[in-house]
Amino acid sequence: MVRDMMRYHTRRLTGMKEKVGQARAILKFLSDGSKANSVHGAVMRDQYNRVLKSPDELLFHDDLDDGAEAFLLHEVAEDASRHGLQYLGDADFSRRYLAGYSEEVRATLQRFPESEFMARDQYQDFIDGNGFRRTLLCHDSISLSRQIDLDFVTRFHLLSTTNPVDPDACVTDDSAMEFENQDGSRVTVTNPLLKAAYLCLGRAWPRALSFDELLDGARALLGDRQADDDQRVLTEAMFILACSGEVSFLLSRPFLLKEATVHPQASLLARRQAQTGPLVTNLLHQTVQLEDDRTRDFLQLLDGARTIDQITAEMTEKFGPTIRIDQKDSAGQPAEPLLLSTRESVQRSLAMVGKLGLLVA
């Protein structure tokens, strides 16, 4: 509905910037003009907030493209079947996991037989209001088994941003310890082995750990304390976290580094993207945002040809011997700025770039 409104208003415009600007303007006008206490008004305000936050290129491509036509999942699957393909699933593995739904919804979706898995996902799209789908297809000659073994996680490398909310919490006892992921979701753990495993994953990020590395690392944090059921406990926990999307699983390790080498090198793609904007793609295929223009300039110097001393000298020449870092407190309010020497700033930026998954191995 909102897409039709914006396309109608911008139908005679040709320039991207003008179309995007007018699309936001008309939606603000319509949103402000709608009744706040009506369903329509609530939808309009929600959509205006979405459009306001969308990057220009995304809004232009997804909402204002006259040639784009929407299809339901079953239509895509039926069309694919005429070309020798079959529906495999959503590219987001965690959408298979139904624990977040009510008992009634979960029971209904679970009644779909394996042969009607696509239909189950179609109804799940209806429930979620999922309007942007990433669908996986495969050849129809492949025999699919949709049953997933509990121990599948032991065959992959595991990756997560889990960090303790309280870094001083005790790991070795059964007290509750809370962890937070990059997306803000939180999980509370009491089992010492799992607390240690979550710490290992967070400290390793953006590196991925094999299951055996994770198990050994967790045991090491507990003073090499071992129990007969350690592998089972960790397998069950990682299975749930992988299914829910809290932990990513990869067949092979990403070709990235966490710490900078003598000649640090950032991804060529990220360096090219940083020339035109703050959003870059890291080596985990994620979009990350650089802090400021100075960081974008810094990234250009990480070409693998310069030493850290040379990078420091060039940053000093451009920005001076000291650099001011603006800060915010825990409430998001401006705090006392941090004054760093350029060398300290370079070391800080290298650590940040490594943590963002931008350093090439």
Side-chain angles (χ1 to χ4, degrees), residues 92-107 109-110 147-251 253-254 256 258-259 284 286 329-332 351-352 354-357:
D92 184 352
F93 180 75
S94 65
R95 295 204 70 219
R96 291 176 56 105
Y97 195 54
L98 303 178
Y101 297 96
S102 69
E103 185 176 344
E104 180 182 1
V105 169
R106 190 165 61 249
L109 293 177
Q110 286 173 337
Q147 297 301 313
I148 298 175
D149 296 331
L150 185 70
D151 65 351
F152 90 92
V153 291
T154 64
R155 303 191 294 273
F156 290 88
H157 294 87
L158 304 172
L159 183 71
S160 181
T161 56
T162 51
N163 285 306
V165 175
D166 178 9
D168 298 323
C170 184
V171 180
T172 57
D173 62 15
D174 293 330
S175 61
M177 188 171 181
E178 193 173 25
F179 291 85
E180 185 173 29
N181 268 341
Q182 202 170 38
D183 62 2
S185 62
R186 293 192 177 190
V187 59
T188 301
V189 189
T190 57
N191 184 299
L193 179 72
L194 299 184
K195 290 194 285 187
Y198 287 13
L199 279 175
C200 286
L201 287 170
R203 291 173 180 176
W205 175 271
R207 293 187 301 108
L209 301 176
S210 70
F211 183 85
D212 289 341
E213 287 173 333
L214 181 58
L215 180 59
D216 291 343
R219 283 172 167 169
L221 285 180
L222 299 176
D224 289 325
R225 188 175 77 191
Q226 299 186 21
D228 293 339
D229 64 347
D230 280 353
Q231 178 149 345
R232 178 190 60 79
V233 169
L234 188 59
T235 298
E236 291 176 354
M238 291 302 111
F239 175 84
I240 292 172
L241 290 176
C243 288
S244 62
E246 299 291 335
V247 166
S248 300
F249 53 97
L250 312 169
L251 192 59
R253 298 181 195 274
L256 55 74
K258 181 178 180 180
E259 289 83 20
L284 298 171
Q286 300 169 330
D329 58 25
S330 57
M352 180 270 293
K355 199 73 173 173
L356 291 176

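Numbers here are sequence positions counted from 1. Side chains included, hydrogens not; waters and symmetry mates left out as well; all remaining heavy atoms used.
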For this session: Give the intermediate values and the outcome of side chain to side chain contact (heavy atoms under 4.5 Å, CB included) for residues Phe156 and Val247.
Result: CA-CA 11 Å; Phe156 290 88; Val247 166; over 6 Å; no
For this session: Would you please say whether a donor-acceptor pair under 3.5 Å links the side chains of Ser185 and Asp183?
Result: yes
Exercise. If you count the non-hydrogen atoms of other residues, nucleotides and ligands that lie under 6.0 Å from CD in Gln110, is the total more than 12?
Worked result: yes
At what distance, to the nearest 0.5 angstrom, does [atom1] of [X] lie from [atom2] of [Y]?
X      : Y      : atom1 : atom2 : value
Leu109 : Glu104 : CG    : CD    : 10.5 Å
Ile240 : Glu246 : CD1   : CD    : 11.5 Å
Leu241 : Phe249 : CG    : CZ    : 12.0 Å

Exercise. Do Asp173 and Lys195 meet the salt-bridge criterion of a basic N to acidic O distance under 4.0 Å?
Worked result: yes
Problem set entry | Pairing of Glu213 and Arg253 as salt bridge, 4.0 angstrom limit | yes
Exercise. Between Leu158 and Leu209, is a side chain to side chain contact (heavy atoms under 4.5 Å, CB included) present by the stated rule, with each step listed?
Worked result: CA-CA 5 Å; Leu158 304 172; Leu209 301 176; 5.5 Å; no
Problem set entry | Whether Ser94 side chain and Gly245 backbone form a donor-acceptor pair below 3.5 Å | no
Problem set entry | Passing option when Leu214 is tested against Leu201, Val153, Thr154 for side chain to side chain contact (heavy atoms under 4.5 Å, CB included) | Leu201
For this session: Mind checking ring pair (Phe, Tyr, Trp, His ring centres under 6.0 Å) for Phe211 and listing every partner two or more places apart, or none if nothing turns up?
Result: none
